[in-house]
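Below is one structure; the comments refer to it alone.
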Amino acid sequence: MTGCCFTNRMFPRRGVFLLLALCCLASACESRTRPGEVARINGRVITLPQLEAMQSSAFPDWPATSAVDQEALRRQYNPALMNLLALELVKQQLEKKKLSVTDAQVLAEEDNIRADYPPGAFEALLVNEGIDRESWRFLLRNKLSLQHFLEKILRPGITIASDEATEYYRSHEAEFVRPPWAHFILVSGLRKAQVERGRRRLAETNDPALVQAEFPDLAVRSVRMDKKRLFPEFVAELARLQPGQISPAVRADKEFHALMLIEATEERRLSPTEAYPLIEKTLLEEKLHAAYNAWLQGRFAKADVRVSRHLLPSFAVRSPEAEKKNLPATGGNATEAAPAARHNGTDAEARPSD
């Protein structure tokens, strides 16, 4: 299933303890926490089922959406909850701009994903993996919300100057070297005589599907691959062929193979014009990462975030002093509130969850 396109490299190493103070907030009284509620952000509730869905997400590439150093996050924080807090901020901003993802958009994307599976296979996958349909749709809505936010709110403010693209091309020349590759039809089988018959039929008809139907014991397939990854026997045969020609049966990897060359290219460097779409995509991704991270830091600094004390065993908190002294984290049955952190000269108050 489709995952989020961003990776953890989008977050700089700063703001660790500010976010810990804002987000790791112990509940002053466990009895005041509503059943199933694990956190709130600006009054919006995050529930235990939502947290469990994110932790066992069917979308494996969710970014750890925080401005927290990743090593500190692994030691002290719950990435799934951090994702939910950040995504809730994203959805609140979309709602403010009247750009929220609609139910129709969620269902349309679900139909697109289901179309990649044979009839009934998508539903069977959810059942076999123990994935609740509504939880899966919740995750899908989050994914679409993040895409909407990046494309509709952040993307319009990002530009790429021609000199930026030129400089990137000059400093990353190795990225634009294309290896030698070949496109060919491969006829494979255990018996040499049968492969020879198949290759002759392919030469006569130029129809791989027909050859496959007439010779079910053979494997007939189209291959596009870097020549450096091919068997040496294949490279040698391809070097002797012109497009449209087919080799005799050769032995490689315990089978016999015949190759019909379609097209082959040698190693070459892309020109600046050819490389520009790739450069633009890379620079755009980097700038989106930076813009998203900056936006997120600002929103978290102002957000009213409250976390249930029930999460403290897995949501442990360290003060800056404890971090320096390598003292154990506060958690479990701790009764102290999370330590405050200074930001612009103002103490960030630790507020208990209701």
Side-chain angles (χ1 to χ4, degrees), residues 1-3 5 7 58-61 111-131 172-279 281-282:
M1 297 179 190
T2 307
C5 59
T7 60
F59 302 97
D61 297 325
D111 289 340
N112 289 336
I113 294 172
R114 186 187 290 107
D116 292 335
Y117 295 83
F122 174 74
E123 290 75 10
L125 175 65
L126 295 183
V127 172
N128 292 338
E129 296 294 328
I131 301 172
H172 298 79
E173 289 186 353
E175 293 182 14
F176 305 110
V177 175
R178 290 296 174 261
W181 62 274
H183 177 202
F184 55 94
I185 304 300
L186 181 64
V187 180
S188 305
L190 295 174
R191 293 184 296 168
K192 182 177 181 179
Q194 192 172 38
V195 172
E196 285 288 355
R197 289 195 295 271
R199 67 170 288 277
R200 287 195 294 268
R201 187 60 172 151
L202 180 61
E204 294 170 0
T205 65
N206 198 32
D207 188 340
L210 177 62
V211 175
Q212 182 66 84
E214 293 182 354
F215 297 88
D217 291 338
L218 297 179
V220 183
R221 56 190 181 276
S222 175
V223 177
R224 294 175 183 266
M225 190 174 292
D226 181 346
K227 290 181 183 178
K228 296 176 182 178
R229 298 175 56 196
L230 295 174
F231 293 123
E233 297 87 347
F234 286 13
V235 175
E237 291 299 326
L238 290 170
R240 289 191 280 266
L241 299 177
Q242 296 295 320
Q245 293 181 335
I246 188 167
S247 74
V250 296
R251 188 174 179 85
D253 194 33
K254 301 179 181 180
E255 286 190 312
F256 291 94
H257 311 270
L259 302 82
M260 174 182 275
L261 179 63
I262 306 299
E263 183 182 7
T265 65
E266 298 305 317
E267 181 176 284
R268 72 183 188 91
R269 186 185 307 277
L270 298 181
S271 69
T273 301
E274 292 173 314
Y276 183 79
L278 301 175
I279 296 172
K281 180 180 179 181
T282 299

Original post:
So which heavy atom on V195 is nearest to which on S188, and how close?
Top reply: CG2-C, 4.1 Å
**OP:** Examine distances only and state if a side-chain atom of T265 and a backbone atom of P180 form a donor-acceptor pair shorter than 3.5 Å.
**Re:** no
Original post:
What's the shortest heavy-atom distance between R199 and P248, and which atoms?
Top reply: NE-CA, 3.7 Å
**OP:** Without swapping roles, check the side chain of E196 against the backbone of A249 for a donor-acceptor pair under 3.5 Å.
**Re:** yes
**OP:** Heavy atoms only: give me the nearest A275-F176 pair and the separation to one decimal.
**Re:** CB-CD2, 3.7 Å
Original post:
Does any N or O in the side chain of Q212 come within less than 3.5 Å of the main-chain N or O of V220, such that one atom is a donor and the other an acceptor?
Top reply: yes
Subject >> Heavy-atom side-chain contact between R191 and F256 under 4.5 Å >> reply: no
Subject >> Criterion side-chain contact (heavy atoms from CB on, under 4.5 Å) on L261 and Q245, from CA distance to verdict >> reply: CA-CA 6 Å; L261 179 63; Q245 293 181 335; 5.9 Å; no
Subject >> Beyond-backbone contact of H183 with S222, side-chain heavy atoms, under 4.5 angstrom >> reply: yes
**OP:** Go through the steps for F234 and V223 under the test side-chain contact (heavy atoms from CB on, under 4.5 Å), then give the verdict.
**Re:** CA-CA 12 Å; F234 286 13; V223 177; over 6 Å; no
Original post:
Between the side chain of H257 and the main-chain N/O of G189, is any donor-acceptor distance below 3.5 Å?
Top reply: no
Original post:
Taking side chain as C-beta onward, heavy atoms only, is E214 less than 4.5 Å from L210?
Top reply: yes
Original post:
Is there side-chain contact between F231 and V235, with heavy atoms separated by less than 4.5 Å?
Top reply: no
Subject >> Stepwise side-chain contact (heavy atoms from CB on, under 4.5 Å) check, L230 with L238 >> reply: CA-CA 10 Å; L230 295 174; L238 290 170; 3.7 Å; yes
Original post:
If every non-hydrogen atom of I246 is compared with every non-hydrogen atom of A203, which pair is closest and at what distance?
Top reply: CG2-CB, 4.1 Å
Subject >> Test log, rule side-chain contact (heavy atoms from CB on, under 4.5 Å), inputs L186 and M260 >> reply: CA-CA 7 Å; L186 181 64; M260 174 182 275; over 6 Å; no
**OP:** Would you please test E233 and R251 for salt bridge (Lys or Arg N to Asp or Glu O under 4.0 Å) and show each step?
**Re:** CA-CA 8 Å; E233 297 87 347; R251 188 174 179 85; over 6 Å; no
Original post:
So do I185 and R221 actually touch side chain to side chain, heavy atoms under 4.5 Å?
Top reply: no
Original post:
Does a side-chain N-to-carboxylate-O contact under 4.0 Å join E263 and R224?
Top reply: no
**OP:** May I ask you to check whether over 12 heavy atoms, not counting those of K192, lie within 6.0 Å of atom NZ?
**Re:** no
Original post:
Got a sec: does the CZ of R200 have more than 12 other heavy atoms crowding it under 6.0 Å?
Top reply: yes
**OP:** Without swapping roles, check the side chain of R269 against the backbone of E173 for a donor-acceptor pair under 3.5 Å.
**Re:** yes
**OP:** Answer yes when R268 and E274 have at least one side-chain N-carboxylate O distance shorter than 4.0 Å, and no when they do not.
**Re:** yes
Subject >> Salt-bridge present (E267, K228; N to O < 4.0 Å) >> reply: yes
Subject >> Charged N-O contact under 4.0 Å between R114 and D111 >> reply: yes
